[in-house]
Amino acid sequence: MTESVKLSELAQALNLEIVTGNDEAMDRSVFTSDISRPGLELTGYFSYYSNDRLQLFGNKEITFAQRMMPEERLMILRRLCSDETPGFIVSRNLPVPEEMIQACQEHQIAILRSKASTSRLLGEMSSYLDEQLATRTSVHGVLVDVYGLGVLIQGDSGIGKSETALELIKRGHRLIADDRVDVYKKDDLNLVGEPPKILEHLIEIRGIGIIDVMNLFGASAVRGSMQVQLVVYLENWAKDKKYDRLGTSDETVNIGSVDVPQIKIPVKTGRNVAIIIEVAAMNYRARSMGYDATKAFEERLSRLIEENSSN
């Protein structure tokens, strides 16, 4: 879990201009994704001031502040500055009041500015901070982008997950993470997976060792993160076990408090698992778009039974 985001990281990610702020100010940390727009505080009401949040100034806040007397403006802006305040953000490239610069310099707080509108900037900051501050859970498996679908390949150790992923990469698909996948909830329904920094772009193949996928196959063979939409569980073929042959089972697996559809593929000599996963991904996408081959087969079977019965 990333417990905080430095203001310098936020500025770099969202291409924010540094109006004022030394290294100490830019090194301040943001601990919450909530953003404050200090409208009431500018009127002098500080009973519920959230001083631990980024303070966003849009057209309304700047216009209101400009109508105040310089002494009053400086007094209010000084009260907005605290040891816990991460920083001030100004949208729309609006002019920054001199009193804001003075108050922030006194308290070693940075002021950043963006060309974006206030609503857009608020959404971008909230989205970025939500992603960076989200609780992460590590799961065992290989995450691959197959036809734009995030497929998490799981199974017992040594069953061939990495080898299958390597075959998929050779067929033009992209690796996100091998062996360990860090997942976090983007929202209540969507789960995102990414590689740990130490394993980024790397894959382990028994007998060869660690290989750098981006170095061998190019930048188009890797991806930084991907929504986990389908789990493929590889298991050893058992002669006496009955497997789903019609695709009627709707199994799910809970990962990070999100239920993700799961299919199980038996592995034995002669089966090309990579091609099967490709077909599984295409079939899942077709079902999500409204076409279900299993239902189509059942309808044909029902019609055939009716015709034979009438004859």
Novice: Are the side chains of Arg53 and Ile35 in contact, using a 4.5 Å heavy-atom criterion?
Specialist: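 The answer is no, as the side chains (C-beta and beyond) never meet within the 4.5 Å cut-off.
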Novice: Please report the shortest heavy-atom distance between Ile109 and Cys81, naming the atom on each side.
Specialist: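 Answer, listing the atom of Ile109 first, then Cys81: CD1-CB, 3.6 Å.
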Novice: Work out which heavy atom in Gly141 is nearest to a heavy atom in Gln154; give both atom names and the distance.
Specialist: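 Between these two residues, the closest heavy atoms are CA-CG, 4.3 Å.
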Novice: Do Arg174 and Val222 have side chains that get closer than 4.5 Å, going by heavy atoms?
Specialist: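 Counting from C-beta outward, Arg174 and Val222 never come under 4.5 Å.
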Novice: Strictly distance-based, threshold 3.5 Å: is any side-chain N or O of Arg73 a donor or acceptor partner for the main-chain N or O of Leu42?
Specialist: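 No; judged by distance alone, with no hydrogens or angles, the pair does not exist.
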Novice: Under 6.0 Å from the CD atom of Glu72, do we count more than 12 heavy atoms belonging to anything else shown?
Specialist: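 Above 12, so yes.
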Novice: Does one side chain, of Gln105 or Thr20, offer a donor that lies under 3.5 Å from an acceptor on the other?
Specialist: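 Present: a donor and an acceptor within the cut-off.
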Novice: Out of curiosity, Gln227 CD to Lys186 NZ, how far, rounded to the nearest 0.5 Å?
Specialist: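 Answer for the CD-NZ pair, Gln227 versus Lys186, is 7.0 Å.
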Novice: Within the structure provided, determine whether Tyr128 and Val30 are in side-chain contact (heavy-atom separation under 4.5 Å).
Specialist: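 No; the side chains remain at least 4.5 Å from each other.
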Novice: Might you point out which heavy atoms bring Gly148 and Met226 nearest each other, and give the distance in Å?
Specialist: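 So the two residues come closest at O-CE, 3.1 Å.
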Novice: Give the ring-plane orientation class for His173 versus Tyr147, where under 30° counts as parallel, over 60° as perpendicular and anything between as tilted.
Specialist: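 Answer is perpendicular, since the angle exceeds 60°.
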Novice: Kindly compute the distance separating OG (Ser127) from CD (Glu124), expressed to the nearest 0.5 Å.
Specialist: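 Here the rounded value is 8.5 Å.
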Novice: Does the side chain of Leu175 reach to within under 4.5 Å of the side chain of Val142, using non-hydrogen atoms?
Specialist: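 In contact.
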Novice: Which distance, rounded to the nearest 0.5 Å, do you find between the CG of Asp259 and the CG of Leu191?
Specialist: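 One gets 10.5 Å once the value is rounded to the nearest 0.5 Å.
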Novice: Quick one: closest heavy-atom pair of Ala219 and Met214, and the distance?
Specialist: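 Shortest heavy-atom separation between Ala219 and Met214 comes out as CA-CG, 3.8 Å.
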Novice: Would a 4.5 Å heavy-atom cut-off, applied to side chains only, mark Arg113 and Asn93 as touching?
Specialist: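 They are in contact (side-chain heavy atoms under 4.5 Å apart), so the answer is yes.
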Novice: Could you walk me through whether Glu235 and Asp156 satisfy the side chain to side chain contact (heavy atoms under 4.5 Å, CB included) test, starting with their C-alpha distance in whole Å, then the side-chain angles of each, then the deciding distance to 0.1 Å, before giving a yes or no?
Specialist: CA-CA 7 Å; Glu235 59 182 11; Asp156 296 334; 5.8 Å; no
Novice: If I compare all heavy atoms of Ile76 with all of Phe46, which pair ends up nearest, and what's the gap?
Specialist: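 For Ile76 versus Phe46, the nearest heavy atoms are O-CZ, 4.0 Å.
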Novice: Does Gly58 offer a backbone N or O that forms a donor-acceptor pair with the side chain of Arg92 under 3.5 Å?
Specialist: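 Not a single qualifying donor-acceptor pair exists.
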Novice: Take Val228 and Leu143 through the test side chain to side chain contact (heavy atoms under 4.5 Å, CB included) and record every step on the way to the result.
Specialist: CA-CA 8 Å; Val228 182; Leu143 184 59; 4.1 Å; yes
Novice: Check the pair Leu56, Leu122 against side chain to side chain contact (heavy atoms under 4.5 Å, CB included), reporting the backbone distance first and the verdict last.
Specialist: CA-CA 8 Å; Leu56 176 59; Leu122 178 63; 4.0 Å; yes
Novice: Run the salt bridge (Lys or Arg N to Asp or Glu O under 4.0 Å) check on Glu41 and Arg79 step by step: do they pass?
Specialist: CA-CA 9 Å; Glu41 287 78 6; Arg79 291 189 66 184; over 6 Å; no
Novice: Please confirm whether the backbone N or O of Asp182 pairs with a side-chain atom of Glu194, one donor and one acceptor, at under 3.5 Å?
Specialist: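 No, the answer is negative, given that no donor and acceptor are paired below the 3.5 Å cut-off.
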Novice: Tell me if a side-chain donor or acceptor on Lys161 pairs with a main-chain N or O of Gly155 at a distance below 3.5 Å.
Specialist: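 The answer is yes, because a donor-acceptor pair under 3.5 Å joins these two groups.
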Novice: Can you check side chain to side chain contact (heavy atoms under 4.5 Å, CB included) on Phe57 and Leu94, steps first, answer last?
Specialist: CA-CA 9 Å; Phe57 282 73; Leu94 293 168; over 6 Å; no
Novice: Atom CG of residue position Asn254 - does it have more than 12 heavy atoms of other residues, nucleotides or ligands inside 6.0 Å?
Specialist: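 Yes.
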Novice: Which atoms form the tightest heavy-atom contact between Ser33 and Ser126, and what is the distance?
Specialist: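 Shortest heavy-atom contact: O-OG, 3.9 Å.
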Novice: Taking C-beta and beyond as the side chain, do Leu234 and Val273 meet within less than 4.5 Å on heavy atoms?
Specialist: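 Sidechains of Val273 and Leu234: in contact.
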Novice: When rounded to the nearest 0.5 angstrom, what distance separates OH in Tyr233 from CD1 in Ile265?
Specialist: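 Taking OH in Tyr233 and CD1 in Ile265, the distance rounds to 12.5 Å.
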Novice: According to the interplanar angle, ranging from 0 to 90°, do the rings of Tyr48 and Tyr45 count as parallel (below 30°), tilted (30 to 60°) or perpendicular (above 60°)?
Specialist: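 Geometry flag for Tyr45 against Tyr48: tilted rings.
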Novice: Does CD1 in Ile210 sit with more than 12 non-hydrogen atoms of other residues, nucleotides or ligands closer than 6.0 Å?
Specialist: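 For Ile210, atom CD1 is crowded (more than 12 foreign heavy atoms under 6.0 Å).
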Novice: Shared ILVMFWY cluster between Phe31 and Leu7, side chains joined below 4.5 angstrom?
Specialist: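 Shared cluster, no.
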Novice: For the residue pair Arg171 and Glu278, establish whether any side-chain heavy-atom pair is separated by less than 4.5 Å.
Specialist: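 Sidechains of Glu278 and Arg171: in contact.
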Novice: For residues Ile277 and Val144, determine if any side-chain heavy atom of one lies less than 4.5 Å from a side-chain heavy atom of the other.
Specialist: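 No, every pair of side-chain atoms sits at 4.5 Å or beyond.
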Novice: With the 4.5 Å side-chain cut-off for hydrophobic clustering, are Leu133 and Leu14 part of the same group?
Specialist: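 Yes.
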Novice: To the nearest 0.5 Å, what is the distance between CE on Met125 and CG on Leu121?
Specialist: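 CG of Leu121 is found 4.0 Å from CE of Met125.
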Novice: Report yes or no: does Thr85 contribute a side-chain atom to a donor-acceptor pair with the main-chain N or O of Asn51 at less than 3.5 Å?
Specialist: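 Present.
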Novice: Which of these passes side-chain contact (heavy atoms from CB on, under 4.5 Å) with Leu166: Ile208, Leu216, Ile211?
Specialist: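 Exactly one pass, corresponding to Ile211.
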Novice: Could you give the distance from CE (Met68) to CD (Gln66), rounded to the nearest 0.5 Å?
Specialist: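 Interatomic distance, Met68 CE to Gln66 CD, rounded to 0.5 Å: 11.5 Å.
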Novice: With sequence neighbours excluded, what pairs up with Ser162 under the side-chain hydrogen bond (donor to acceptor under 3.5 Å, both in side chains) test?
Specialist: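 Counting only residues at least two positions away or on another chain, Ser162 forms a side-chain hydrogen bond (donor to acceptor under 3.5 Å, both in side chains) with Asp178.
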